[in-house]
Amino acid sequence: HEFVVPNATGTILAARKPQQESSAVMMAVACLNGTVQLVSTGLKTPKYAKDAKAAGEVLLDMGSPGSSIVLSLIWHPTDSAIIVGRKDGTVEIMALTSLEAGGSSRKSSSSSKHHRMTHAHAAPVRGITLTPDA
């Protein structure tokens, strides 16, 4: 499937396998305004073939517009959070607590739990790696 995320950087994204609350493969996409959008790819799997979202449908906006641009991101091994590295050296853990099962409208994660390490790095965070147990 082909789709466009209007504000995407075009280079930073990560796929997530289907979960029980989801019927399609999802993609976390870094955006130019510093946010991360969780987007449906429209790809269906036999186990979750019903109720798949349309390709390109934004399921969740994460982060605050105006934040430093995202240079790297990775899914937590439990698929319950995204870890983001930013140009200003900030590392942020964004929990997916506000993603609701079967939700069809765009949601903001402003109420989600975020952990931010602001003095961890003096340089841009261009890559993130986690051990299997995070």
Side-chain angles (χ1 to χ4, degrees):
H1 293 103
E2 185 174 324
F3 60 91
V4 174
V5 178
N7 195 25
T9 61
T11 57
I12 312 299
L13 49 93
R16 179 175 106 164
K17 63 187 178 216
Q19 303 294 305
Q20 288 182 344
E21 72 275 4
S22 170
S23 58
V25 176
M26 287 186 246
M27 187 81 58
V29 179
C31 295
L32 293 170
N33 66 356
T35 62
V36 174
Q37 290 185 341
L38 190 58
V39 180
S40 174
T41 63
L43 298 173
K44 301 175 187 176
T45 60
K47 188 174 181 182
Y48 301 107
K50 65 177 185 171
D51 301 328
K53 303 293 183 201
E57 181 179 343
V58 177
L59 305 173
L60 184 65
D61 286 323
M62 303 176 71
S64 301
S67 298
S68 180
I69 194 167
V70 174
L71 296 179
S72 56
L73 63 87
I74 189 170
W75 286 97
H76 187 276
T78 63
D79 291 327
S80 62
I82 296 173
I83 296 86
V84 173
R86 296 186 179 276
K87 186 176 181 179
D88 66 0
T90 301
V91 175
E92 198 169 352
I93 302 170
M94 301 176 168
L96 299 178
T97 57
S98 65
L99 184 63
E100 297 174 3
S104 60
S105 61
R106 189 173 183 160
K107 295 174 180 57
S108 171
S109 68
S110 59
S111 62
S112 292
K113 294 184 180 184
H114 294 258
H115 300 281
R116 189 172 290 149
M117 294 172 270
T118 56
H119 301 290
H121 303 278
V125 181
R126 299 186 188 280
I128 300 171
T129 303
L130 298 173
T131 61
D133 63 354

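Start at 1 with the first residue, then count along the sequence. Quantities reported herein were computed from a predicted structural model and do not represent experimental measurements. The figures that follow rest on heavy atoms only: side chains count, while hydrogens, waters and symmetry mates do not.
- One N or O on the side chain of Ser68 and one on the backbone of Asp88 form a donor-acceptor pair closer than 3.5 Å.
- Residues Ala95 and Ala81 approach most closely at CA-CB, 4.0 Å, considering heavy atoms.
- Here the straight-line distance linking atom CG of Leu13 with atom CD of Gln37 works out to 12.5 Å at 0.5 Å rounding.
- Smallest separation of non-hydrogen atoms from Val70 and Gly34: CG2-O, 3.9 Å.
- For the side-chain contact (heavy atoms from CB on, under 4.5 Å) criterion with Arg86, the lone passing option out of Pro124, Ser67, Ser72 is Ser67.
- The shortest heavy-atom contact between Thr9 and Ile12 is OG1-N, 3.5 Å.
- In this structure, CE in Met94 is found 9.5 Å from CG in Leu60, a value given to the nearest 0.5 Å.
- Side chains of Val39 and Leu59 form no contact here, defined as non-hydrogen atoms less than 4.5 Å apart.
- Every residue two or more places apart in sequence or in another chain that forms a side chain to side chain donor-acceptor pair (under 3.5 Å) with Asn33 is listed here: Asn7, Thr35.
- Considering only heavy atoms from C-beta on, Ile83 stays 4.5 Å or farther from Trp75 through its side chain.
- Checking each of Glu92, Arg16, Met62 against Ile82 for a side-chain contact (heavy atoms from CB on, under 4.5 Å) leaves exactly one that passes, namely Met62.
- Of all heavy-atom pairs spanning Met26 and Thr41, the tightest one is C-CG2, 4.3 Å.
- A pairwise comparison of heavy atoms in Ala8 and Val29 identifies CB-CG1, 3.5 Å as the closest pair.
- Members clustered with Ile69: Leu32, Leu71, by chain and number, using a 4.5 Å side-chain heavy-atom cutoff among hydrophobic residues.
- Taking all atoms of both residues into account, the shortest heavy-atom contact from His76 to Leu130 is CA-CD1, 4.0 Å.
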